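Each remark here refers to the structure printed beneath this line.
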Amino acid sequence: MQETSEVIRKCHEKARSMAADGLDLYPNDFKVEHTVSDIWRSLEENKEIEEGSPIFILAGRVISMRRFGKAAFFHILDRTGKIQAYIQQNEVGKESYAIFKKIDRGDYVGLKGTVFQTKTGEWSLLVHEFFLVAKAIRPLPEKFHGLKDPEKRYRQRYLDLIMNQNVREIFLKRSLIVQAFRNFLVDRDFCEVETPMMQPIPGGAEAKPFKTYHNALGMELFLRIAPELYLKRLVIGGVERVFEINRNFRNEGISTQHNPEFTMLEFYQAYATYEDLIKLTEEMFVFVAKEVLGDTTIVYQDNEINLNPPWQRMTLYDALTTLGGMPPEILDDKEKMIAFATEHTIPLQKSHRRGKILAKLFDVLVEPKLIQPTFITGYPTDISPLSRKNSSDPSLTDRFELFIAGREIANGFSELNDPVDQKERFLQQVADRDAGDEEAHYMDAEYIQALEYGMPPAAGEGVGIDRVVMLLTNALSIREVIFFPHLKNK
RNA sequence: GGGCCGUUAACUCAGUCGGUAGAGUAUCUGCCUUUUAAGCAGAGAGUCGCGCGUUCGAGCCGCGCACGGCCCA
């Protein structure tokens with residue numbers, strides 16, 4: 001990126017002249033011994049450091065600067081927070097202070113000093129020794145308004161992280177959330193694995209995949225839309241409790257709710273049913289919320305969401321008729337359902353089978369209303385090609401989806417482990433694909449073969465991690481919880 | 001894919017009726033050893049997203065395009 005602006009040019013010139021004076025602008029011998037948080041902890045433990053503070057040796061980025069001729073106040077920021085420092089020429093010496101005079105906001109500095117309280121009572125570091133650690137040759141955004149332009153925030157996330165403390169907090173929370181899910185499952189003897197991102201047959205979900213090509217193998221591959229069929233191969237292999245937290249890729253639209261690559265937790269437990277997973281899900285979300293927020297009540301936008309179990313449960317049919325306002329008598333009449341959908345300006349294709357029509361109606365009429373955690377059960381078999389059929393009503397499956405704050409958060413079911421049934425389901429999907437449904441599942445003959453060796457009864461679930469992070473950080477857009485959301489090239 | 005809004009200095013933003021581009025911060029110079037959006041004095045800094053059109057004259061009006069935001073599909 002070529003920049004001709006005067007401000008940038010002057011920054012470069014200044015750095016060049018400092019280097020010409022023999023100063024190393026990028027040394028790597030400053031040894032950090034403390035963090036900003038060490039100072040706060042030390043102050044708490046000693047209440048007040050009256051008989052002289054210990055020496056602290058820390059480094060960070062200069063994020064503010066107030067100069068007074070032969071002294072200055074500035075704040076530095078490290079990974080644990082920020083602290084004010086006070087530097088005086090007669091403390092650090094004339095030579096060192098001359099270098100300090102050339103320090104700008106944005107530079108990295110190393111400081112050795114003691115803690116003291118200023119006239120206004122702010123605990124600060126009195127600088128005894130000062131070091132330039134890394135020079136910035138491009139100015140930081142404005143100190144008061146910071147960086148606001150959403151496009152710049154996403155394209156130059158590092159600036160967003162430097163300038164906006166709430167953004168740092170969101171991503172720290174994201175890390176804690178992932179850790180909490182991981183710890184919860186590991187504690188229950190689940191084994192964390194990694195399965196292929198590049199798959200010859202994209203399976204495990206209804207979605208359009210990204211295509212790629214392997215030169216040496218001379219074959220087309222797809223970025224995975226889900227890890228499901230590989231994780232279940234591991235269950236067949238005897239990994240009775242297994243999970244993966246990783247990226248899925250779906251070649252679809254970008255919105256406040258969708259990024260082409262997103263993070264999914266998927267887990268499988270042998271000898272469990274979807275009912276067991278409903279209970280486990282309640283426990284898991286309570287655990288994560290307590291770890292991250294210390295509470296089971298979430299404030300999301302205008303809603304207070306209560307995670308205390310048990311959560312509401314409702315069948316898909318009941319939800320459609322009670323919450324969706326759909327007349328119960330049209331449930332079995334496809335023509336009337338299509339007419340009902342058209343009345344509500346929900347576009348449907350004639351080729352859609354009954355289950356898909358119900359799902360579309362649900363998305364529009366019911367989903368936005370499910371604010372408190374709700375498990376929807378009783379999903380039709382034709383839209384659940386990997387789920388076990390319900391033993392008393394084979395038109396339905398032993399499946400649930402979890403909704404919170406009007407969004408789908410998780411999807412789980414008792415797994416279909418009958419290879420003959422699975423093959424028939426795949427064949428129906430292939431027929432749907434031939435009829436024009438681009439999102440229908442592919443036939444995966446090798447997966448059928450794996451099932452033929454025998455898979456224990458099991459239940460599995462996927463949890464949309466980005467959506468959970470949005471929920472726990474009160475984020476409106478998925479771009480606020482993904483470091484580098486996809487944008488078009490400029 | 002459609003609708004609405006945005007794009008002006010490094011950053012945050014003004015810009016009237018179409019008449020040679022403004023502020024604050026930042027930068028540079030000078031003064032300043034307890035400030036915290038420090039202060040005072042002075043200076044420099046612009047491809048007004050890109051292109052075409054209308055006009056004597058366009059940041060402003062019209063058309064097209066690009067990128068972004070929100071909403072809808």
Side-chain angles (χ1 to χ4, degrees), chain A residues 1-18 62-77 82-94 96-98 100-107 113-128 130 135-160 162-164 252-259 301 341-342 344-349 360-361 363-364 368 406 475-480 484-490:
Chain A
M1 190 160 45
Q2 275 295 319
E3 206 95 29
T4 49
S5 101
E6 192 220 19
V7 177
I8 311 288
R9 259 195 335 265
K10 282 193 169 166
C11 279
H12 280 74
E13 277 165 26
K14 183 182 195 175
R16 267 197 300 275
S17 92
M18 288 169 80
V62 175
I63 54 165
S64 69
M65 179 70 78
R66 293 170 295 282
R67 296 181 183 279
F68 296 85
K70 296 185 181 64
F73 286 96
F74 56 102
H75 278 88
I76 64 163
L77 177 70
K82 62 181 177 179
I83 188 167
Q84 180 172 259
Y86 182 50
I87 186 167
Q88 296 165 298
Q89 181 175 276
N90 60 8
E91 182 69 43
V92 299
K94 219 168 182 176
S96 182
Y97 198 79
F100 178 79
K101 276 188 160 176
K102 293 176 180 166
I103 292 297
D104 297 300
R105 274 175 79 239
D107 291 352
T114 48
V115 168
F116 78 110
Q117 215 169 4
T118 65
K119 221 158 59 173
T120 57
E122 180 169 353
W123 285 101
S124 306
L125 191 80
L126 179 65
V127 178
H128 297 177
F130 155 81
K135 184 79 187 124
I137 53 174
R138 196 176 274 268
L140 288 179
E142 199 235 11
K143 63 187 171 191
F144 189 62
H145 298 94
L147 183 67
K148 284 188 171 171
D149 179 354
E151 188 174 352
K152 283 205 174 74
R153 289 185 47 231
Y154 300 149
R155 288 192 198 274
Q156 295 177 270
R157 183 69 91 179
Y158 47 92
L159 288 179
D160 195 24
I162 295 165
M163 299 306 299
N164 297 319
E252 288 155 10
I254 296 181
S255 74
T256 51
Q257 308 299 318
H258 298 91
N259 194 56
Q301 303 304 318
T342 312
H344 290 80
T345 64
I346 302 166
L348 293 176
Q349 289 162 26
K360 295 253 177 197
L361 287 168
D363 287 350
V364 176
L476 266 174
S477 167
I478 197 169
R479 296 180 198 102
E480 297 298 333
F484 301 103
H486 285 283
L487 302 176
K488 281 197 187 180
N489 282 334
K490 281 212 119 171

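Sequence lines set the chain letters: A, B, ... in the order given, protein chains first and strands last, and positions in each chain run from 1. Bear in mind that the values here come from a model prediction, so they are computed numbers and not experimental data.
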Residue-phosphate contact under 4.0 Å: A/Arg479 side-chain N/O, B/C70 OP1/OP2: yes

Length of the line joining A/Phe74:CZ and B/U33:P, which is rounded to integer Å: 17 Å

Results of side-chain contact (heavy atoms from CB on, under 4.5 Å) for A/Ala15 - residues two or more places apart only: A/Leu25, A/Lys135, A/Ile137

Polar side-chain contact A/Asn90-B/U33 base: donor and acceptor under 3.5 Å: yes

Contacts of type side-chain contact (heavy atoms from CB on, under 4.5 Å), residue A/Lys102, not counting sequence neighbours: A/Lys14, A/Met18, A/Asp21

Selection from B/C11, B/C13, B/A10 that lies nearest to any side-chain heavy atom of A/Lys148: B/C13

Check: B/U25 base within 3.5 Å donor-acceptor of A/Glu142 side chain: no

B/U35 pyrimidine/purine six-ring stacking with A/Phe73, under 5.5 Å and 30°: yes

Partners meeting side-chain contact (heavy atoms from CB on, under 4.5 Å) with A/Glu142 (sequence neighbours left out): A/Phe144, A/His145

Among B/U34, B/U12, B/A10, the one nearest A/Lys119 by side-chain distance: B/U34

Given B/C32, B/U12, B/C11, the nucleotide with the shortest approach to the side chain of A/Pro141: B/C11

Pairwise C1' distance for B/G57 and B/U25, with rounding to whole Å: 34 Å

A/Lys14 side chain, from C-beta outward: closest of B/C28, B/U12, B/U35: B/C28

Set of residues satisfying side-chain contact (heavy atoms from CB on, under 4.5 Å) with respect to A/Phe484, sequence neighbours excluded: A/Arg157

Whichever of A/Leu487 and A/Gly69 has its nearest RNA chain B nucleotide further upstream toward 5': A/Gly69

Nucleotides 21-23 of chain B: which of its N/O atoms have a protein N/O under 3.5 Å away?
none

Any A/Arg66 side-chain nitrogen or oxygen under 4.0 Å from OP1 or OP2 of B/A38: yes

Min side-chain heavy-atom separation A/His75-A/Arg105 under 4.5 Å: no

Any A/Thr256 side-chain nitrogen or oxygen under 4.0 Å from OP1 or OP2 of B/C71: yes

B/U35 phosphate, OP1 or OP2, under 4.0 Å from A/Arg67 side-chain N/O: no

Test side chain to side chain donor-acceptor pair (under 3.5 Å) applied to A/Lys490 - qualifying residues, sequence neighbours left out: A/Glu151

